[in-house]
Amino acid sequence: MLAEQAQKWFPTHVQVTVLQAKGLKPKGKNGSNDAYTIIQLGKEKYSTSVAEKTLDPIWKEEASFELPGLLMQENPEKYILYLIVMHRSLVGLDRFLGQVAISLNDVFEDKQRRKTE
């Protein structure tokens with residue numbers, strides 16, 4: 001089993017591109033948002049810039065994360081990539097707009113899926 005694993009390729013990093021969000025509910029003044037995205041994998045976090053006064057922000061920003069362990073089939077450790085969209089408030093706490101959780105294990109194990117999706 002170990003000899004077979006030594007012959008296979010396993011990813012050590014994941015590169016994430018945050019393109020855009022669409023149809024966000026307004027949380028700011030004037031019926032719009034000052035939106036940014038927090039990208040999180042394990043304890044590592046990256047934040048995009050703030051897209052001001054929009055409900056359909058476009059970022060086109062990238063972040064690279066080192067995987068904390070081997071991403072391989074049937075690994076009991078799960079690697080979940082979180083993308084959390086927030087509204088920046090100048091006064092008070094930032095407000096939650098939405099999130100998505102992506103299982104990197106499922107992406108890696110899905111042989112039909114392009115790894116660039």
Side-chain angles (χ1 to χ4, degrees):
M1 177 84 173
L2 198 54
E4 288 177 16
Q5 288 179 358
Q7 301 288 324
K8 292 184 180 180
W9 174 85
F10 296 105
T12 57
H13 291 74
V14 62
Q15 185 167 342
V16 181
T17 305
V18 179
L19 296 176
Q20 64 186 18
K22 290 184 179 181
L24 296 175
K25 293 192 187 290
K27 297 275 183 164
K29 293 179 180 175
N30 305 323
S32 67
N33 293 315
D34 293 337
Y36 65 95
T37 299
I38 300 167
I39 310 158
Q40 181 173 355
L41 178 61
K43 294 178 183 178
E44 277 191 86
K45 285 184 182 178
Y46 171 82
S47 184
T48 65
S49 61
V50 176
E52 296 183 350
K53 299 177 183 169
T54 180
L55 298 178
D56 301 305
I58 297 174
W59 292 285
K60 296 183 183 175
E61 294 184 31
E62 294 183 349
S64 184
F65 295 92
E66 184 174 345
L67 294 171
L70 278 184
L71 183 60
M72 57 187 190
Q73 287 182 332
E74 300 176 23
N75 185 349
E77 256 186 282
K78 297 297 178 200
Y79 300 107
I80 308 296
L81 178 73
Y82 293 97
L83 289 93
I84 305 158
V85 181
M86 302 289 290
H87 164 72
R88 181 193 62 192
S89 295
L90 296 177
V91 178
L93 297 174
D94 290 356
R95 296 189 190 133
F96 176 82
L97 293 172
Q99 79 173 15
V100 64
I102 301 167
S103 168
L104 297 180
N105 301 70
D106 292 347
V107 171
F108 178 67
E109 290 179 14
D110 185 353
K111 300 301 179 199
Q112 302 301 313
R113 184 182 213 160
R114 292 189 345 239
K115 300 305 180 233
T116 56
E117 285 186 25

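Any value given below was found using the heavy atoms of this structure, including those in side chains, with hydrogens, waters and symmetry copies removed.
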Expected output: side-chain [X] to main-chain [Y] donor-acceptor under 3.5 Å:
X	Y	answer
Asn33	Leu55	no
Trp59	Ser49	yes
Thr54	Asp56	yes

If two hydrophobic side chains count as joined below 4.5 Å and joins carry through other members, does [X] share a cluster with [Y]?
X	Y	value
Val100	Tyr79	yes
Val18	Ile80	no
Ile39	Tyr36	no
Ile38	Tyr46	no
Ile102	Leu41	yes

Using 0.5 Å steps for rounding, measure from the [atom1] atom of [X] to the [atom2] atom of [Y].
X	Y	atom1	atom2	value
Phe65	Lys43	CZ	NZ	15.0 Å
Lys25	Arg95	NZ	CZ	15.0 Å
Leu97	Thr37	CG	OG1	9.0 Å
Glu66	Thr12	CD	OG1	7.0 Å
Glu62	Thr48	CD	OG1	13.0 Å

Who are the side chain to side chain donor-acceptor pair (under 3.5 Å) partners of Ser32, not counting sequence neighbours?
none
Anything under 3.5 Å between a donor and an acceptor, one on a side chain of residues 81-90, the other on a protein residue two or more places apart or in another chain? List them.
residue, atom, partner, partner atom, Å
His87, ND1, Asp34, N, 3.0
Arg88, NH2, Glu52, OE2, 3.3
Ser89, OG, Leu93, O, 3.2

